[in-house]
There are 4 protein chains.
Amino acid sequence: MNMAERDQDKTRVPRQRRSVETKQKIVAAALKLFSEKGFHATNTKAIAKEAQVAVGSVYSYYTDKMEIFKDALALFHEHFSEILRSHGALRLNASQNKRELIRDVIETVIKAHEVDPGFHREMNIMALSYPEVKDMAEKELRFFFKMTARLLRSWQPEIRIRDPEAAATVIILAANSIVEAVAFGGTGIGRERLVEATVDMLHHYLWPQEASQAIDVSPETE
Amino acid sequence: MNMAERDQDKTRVPRQRRSVETKQKIVAAALKLFSEKGFHATNTKAIAKEAQVAVGSVYSYYTDKMEIFKDALALFHEHFSEILRSHGALRLNASQNKRELIRDVIETVIKAHEVDPGFHREMNIMALSYPEVKDMAEKELRFFFKMTARLLRSWQPEIRIRDPEAAATVIILAANSIVEAVAFGGTGIGRERLVEATVDMLHHYLWPQEASQAIDVSPETE
Amino acid sequence: MNMAERDQDKTRVPRQRRSVETKQKIVAAALKLFSEKGFHATNTKAIAKEAQVAVGSVYSYYTDKMEIFKDALALFHEHFSEILRSHGALRLNASQNKRELIRDVIETVIKAHEVDPGFHREMNIMALSYPEVKDMAEKELRFFFKMTARLLRSWQPEIRIRDPEAAATVIILAANSIVEAVAFGGTGIGRERLVEATVDMLHHYLWPQEASQAIDVSPETE
Amino acid sequence: MNMAERDQDKTRVPRQRRSVETKQKIVAAALKLFSEKGFHATNTKAIAKEAQVAVGSVYSYYTDKMEIFKDALALFHEHFSEILRSHGALRLNASQNKRELIRDVIETVIKAHEVDPGFHREMNIMALSYPEVKDMAEKELRFFFKMTARLLRSWQPEIRIRDPEAAATVIILAANSIVEAVAFGGTGIGRERLVEATVDMLHHYLWPQEASQAIDVSPETE
DNA sequence: GATGAATGAGGTTTCATTCAT
DNA sequence: CATGAATGAAACCTCATTCAT
């Protein structure tokens with residue numbers, strides 16, 4: 001394996017079980033601290049301490065503090081995807097009630113965000129400052145774009161979207177920013193109302209006819 | 001004049017005004033550097049140098065590096081609002097073509113972002129880390145929520161939005177995140193397609209009837 | 001001045017008198033410690049302490065520990081040359097007794113070495129490890145080569161040297177290594193005997209006739 | 001053996017053949033790395049790796065990194081002497097042409113240096129810093145002093161040296177420093193010219209009459 | 001008021017050595 | 001006996017902030 005080759009002499013490639021466990025302890029500790037206090041406010045000593053390991057050990061698994069972050073990010077993405085999968089966000093089909101479908105998706109994404117809102121925030125920070133992190137985060141995000149685009153295309157021609165890729169991107173970005181607003185607050189509007197408005201917006205976007213009727217049927221709610 | 005007497009041999013500039021100018025030089029310098037290299041990578045010495053002032057002087061105007069940032073942020077918000085205002089983003093009325101109206105707004109916001117994308121990014125970073133900055137940024141954002149909500153309400157009942165405040169928030173958040181994606185790239189979709197999709201989404205959300213017809217009129221575009 | 005330009009933001013260019021004094025205190029302290037304990041065994045904290053200055057101050061005058069060393073080396077060279085000059089090593093002329101002349105030169109060089117044998121040693125160590133130091137040391141050495149070559153040429157044709165440059169180099173190198181042996185001991189032969197033998201060697205090399213006669217005149221010494 | 005007694009339970013005294021081989025692999029690896037990158041830049045992990053042995057094993061043969069160096073130094077001296085011996089540097093006799101004899105010796109020493117110039121340099125560095133290493137290096141050097149002195153004495157009274165021991169020391173030191181200059185460059189004079197000048201110097205020192213004639217015979221060369 | 005020299009805590013990283021497996 | 005994981009002191013360097021001039 002050329003991975004092993006490249007890291008040779010610098011970072012340890014876990015061979016023994018103990019070693020594997022130590023590395024896991026370190027990422028776990030780092031994920032926790034980055035999430036709580038952010039990257040810059042977390043020093044290597046603290047990571048080592050949290051992992052109950054000597055500072056030197058940290059550096060035998062990682063060349064760099066940044067390297068630890070990247071591993072933590074990968075771990076975070078795993079957790080995140082796991083949530084999405086387990087909540088069945090992807091076994092959607094157009095047969096169910098459209099509003100419920102949209103709401104389900106949004107709620108699931110909120111759930112996923114709530115697993116570790118702190119780290120999510122830190123990921124955003126880091127992505128803005130470090131291209132490498134940006135790339136990782138974007139790669140993950142594009143995966144969702146792709147998934148969504150495929151979904152939209154599968155729903156054609158029932159929904160009449162002109163540019164499924166762009167639409168998927170816009171939907172994900174919008175949903176994401178609203179989910180973040182829900183997670184971190186600060187809008188002054190409660191969670192329920194924001195979700196409802198978002199559902200409305202997407203409903204109209206994707207199934208205009210049905211959405212328009214829905215308004216006629218139940219006007220003046222709230 | 002006894003004023004002249006008191007200031008003897010330094011009569012050039014009144015004390016007060018010079019002081020104000022110095023402070024302005026400092027913020028301006030800071031804004032520039034924060035925007036270029038970020039908060040953490042900009043040290044006070046560099047700010048002083050850029051402002052052509054001694055380090056000590058910086059600390060006689062500001063207690064803290066953070067204090068400087070907050071002032072820079074305020075200045076940035078001024079610039080930002082100025083752009084929006086000068087581009088007339090807010091003298092909208094429902095009479096013009098709806099798609100054009102939406103597109104205008106979005107383009108204006110993109111313009112405003114483009115004034116200083118670097119600082120915008122840094123503002124986001126800082127907002128995520130420092131509650132005080134977050135508060136400032138949110139306060140500004142809520143202003144836009146309010147403005148938008150008022151606008152939406154003024155368009156009622158032509159548009160039949162159930163909860164104008166929540167809708168305004170959702171619209172601004174969505175628009176904002178898409179604008180950022182346009183500014184920083186990374187989606188893999190070009191600017192035009194993203195804008196078009198966003199316009200579509202908002203068009204359907206706000207003027208469902210008209211939007212549906214638009215699709216019927218010019219189908220299979222793109 | 002482009003020097004000032006280049007160093008800008010990183011190292012301080014002493015402007016005030018206090019500043020100049022501080023920088024001098026630092027080199028002096030460094031010279032002392034490098035000489036006593038060597039470069040690697042001297043840490044920046046110790047230098048700061050010896051100079052009665054904060055660590056940070058050291059780094060406002062020097063980017064690097066190595067930079068300090070180079071400055072110390074320059075200072076050392078100044079001291080060294082000063083000794084040579086004050087001992088009149090270079091107002092040699094061929095008129096005086098040749099053996100005495102050679103002995104004078106050698107004794108002077110020994111004196112110069114004795115000013116700071118520790119640093120001399122360290123200079124050699126560093127020269128072997130760091131090309132930049134090697135260059136500095138060699139530059140100084142070549143100056144002596146040049147001086148000596150000029151002297152030899154001025155003595156032609158009385159002395160019949162085939163290649164004055166090479167001869168000068170060989171003489172300086174030989175003298176130097178013997179002087180070092182005298183300074184650091186380890187040969188098992190006393191200082192006087194080494195100097196005498198060296199004088200003999202150079203005497204024979206430069207003034208063969210005279211040297212041969214000298215042997216005939218005082219044979220079987222020792 | 002009380003040697004074994006003394007070292008017991010700290011460092012292993014190789015008893016079995018495999019053990020001996022392991023120790024040899026370690027020194028060999030160390031010699032190579034020290035020579036290439038120097039003592040300080042070579043870490044124990046690298047030595048272990050190069051020797052294809054675990055770090056812990058290194059420490060069961062050696063108490064210390066320095067201990068390894070000392071062993072490497074001894075090995076180096078063996079190689080060095082081996083070269084000298086095999087090139088017959090010591091089966092000199094006064095019957096052959098004197099200039100050729102001197103040149104032969106010098107060329108042989110250069111050859112010996114060229115076996116491992118890197119380690120030679122490192123030995124010098126270490127000798128200057130660590131008394132123990134200095135002692136080892138000097139012990140070896142004195143061996144050459146002794147050999148040379150014996151040679152000189154055997155050539156008496158043909159050569160009329162007053163103090164053979166001192167002369168031998170001076171000759172070896174001079175030759176050594178010139179050889180080093182040839183090996184590491186930096187004098188600005190080419191190898192051939194330096195060797196020639198050295199031969200001249202020693203020729204005049206040891207066989208004044210013959211050397212003087214040589215000059216008369218072939219004047220104005222170069 | 002202004003200047004810029006001085007401070008020193010704190011951060012990241014290395015590596016010789018020990019020790020559990 | 002070998003292995004290689006773990007240790008932690010110690011090194012270098014940065015920079016927000018203070019303070020003498």
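Labels below follow one simple rule: chain letters A, B, ... track the order of the sequence lines, proteins then strands, and each chain is numbered from 1. Excluded from the calculations below are hydrogen atoms, water molecules and symmetry mates; all remaining heavy atoms, backbone and side chain alike, are included.
A heavy atom closer than 4.0 Å to some atom of DNA chain E occurs in no member of residues 25-52 of chain C.
Here Lys134(A) pairs with nothing under the side-chain hydrogen bond (donor to acceptor under 3.5 Å, both in side chains) rule; sequence neighbours left out. Phe39(B) is linked by a ring pair (Phe, Tyr, Trp, His ring centres under 6.0 Å) to Phe34(B), Phe69(B), counting only residues two or more places apart in sequence or in another chain. For Gln24(B), the side-chain hydrogen bond (donor to acceptor under 3.5 Å, both in side chains) test picks out no residue, with sequence neighbours left out. For Asp71(B), the side-chain contact (heavy atoms from CB on, under 4.5 Å) test picks out Lys23(B), Val27(B), Tyr62(B), with sequence neighbours left out. In this structure, the side-chain contact (heavy atoms from CB on, under 4.5 Å) partners of Leu31(C), at least two apart in sequence or on a different chain, are Ala72(C), Leu75(C), Phe76(C), His79(C), Asp116(C), Phe119(C). Listed by chain and number, the residues in a ring pair (Phe, Tyr, Trp, His ring centres under 6.0 Å) with His40(C) are His40(D) (sequence neighbours excluded). Checked against side-chain contact (heavy atoms from CB on, under 4.5 Å), Asp64(B) has the following partners two or more places apart in sequence or in another chain: Met66(B), Glu67(B). Partners of Ala46(A) by side-chain contact (heavy atoms from CB on, under 4.5 Å), not counting sequence neighbours, listed by chain and number: Leu33(A), Asn43(A).
Contact annotation for Val53(A): backbone-only contact, meaning every heavy-atom pair under 4.0 Å involves sugar-phosphate atoms and none involves a base. In this structure, Tyr61(B) reaches the sugar-phosphate backbone alone: every heavy-atom distance under 4.0 Å involves primed, P, OP1 or OP2 atoms, never a base.
For Ser57(C) and dT7(E), the shortest distance from a side-chain N or O to OP1 or OP2 is below 4.0 Å. Phosphate proximity of dA6(E) to Thr22(C): present, with a side-chain N or O under 4.0 Å from OP1 or OP2.
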One pair to check against side chain to side chain contact (heavy atoms under 4.5 Å, CB included): Met123(A) and His77(A). What are the steps and the verdict? CA-CA 10 Å; Met123(A) 179 188 74; His77(A) 277 322; 3.8 Å; yes
Side chain to side chain contact (heavy atoms under 4.5 Å, CB included) between Asn124(D) and Asn124(C), intermediate numbers included: CA-CA 9 Å; Asn124(D) 288 335; Asn124(C) 288 335; over 6 Å; no
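Taking atom NZ on Lys65(C) and atom P on dC13(F), their separation rounds to 8 Å, with Å as the unit. Here dT17(F) presents its C1' atom at 11 Å from CD1 of Ile68(B), a figure rounded to the nearest Å. Regarding Lys23(C), its NZ atom lies at a distance of 16 Å from the C1' atom of dG4(E), rounded to whole Å. The interatomic distance linking Glu67(C) (CD) with dC13(F) (P) rounds to 10 Å, in whole Å.
Each of Ala54(C) and Val55(B) lies near DNA chain E, and the nucleotide nearest Val55(B) is the one positioned closer to the 5' end.
In DNA chain F, runs of at least 3 stacked Watson-Crick or G-U pairs (N1-N3 plus N6-O4 or O6-N4, or N1-O2 plus O6-N3, all under 3.5 Å) give these stems: E:2-21 with F:2-21.
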Show me the donor-acceptor pairs within less than 3.5 Å that the side chains of residues 48-57 of chain C make with the rest of the protein, sequence neighbours left out.
{"unit_1": "Glu50(C)", "atom_1": "OE2", "unit_2": "Lys32(C)", "atom_2": "NZ", "d": "3.1"}

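Closest to the side chain of Asp64(D), out of dT17(E), dT17(F), dG8(E), is dT17(E).
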Enumerate all atom pairs, one protein N or O and one N or O from nucleotides 19-21 of chain E, separated by less than 3.5 Å.
none

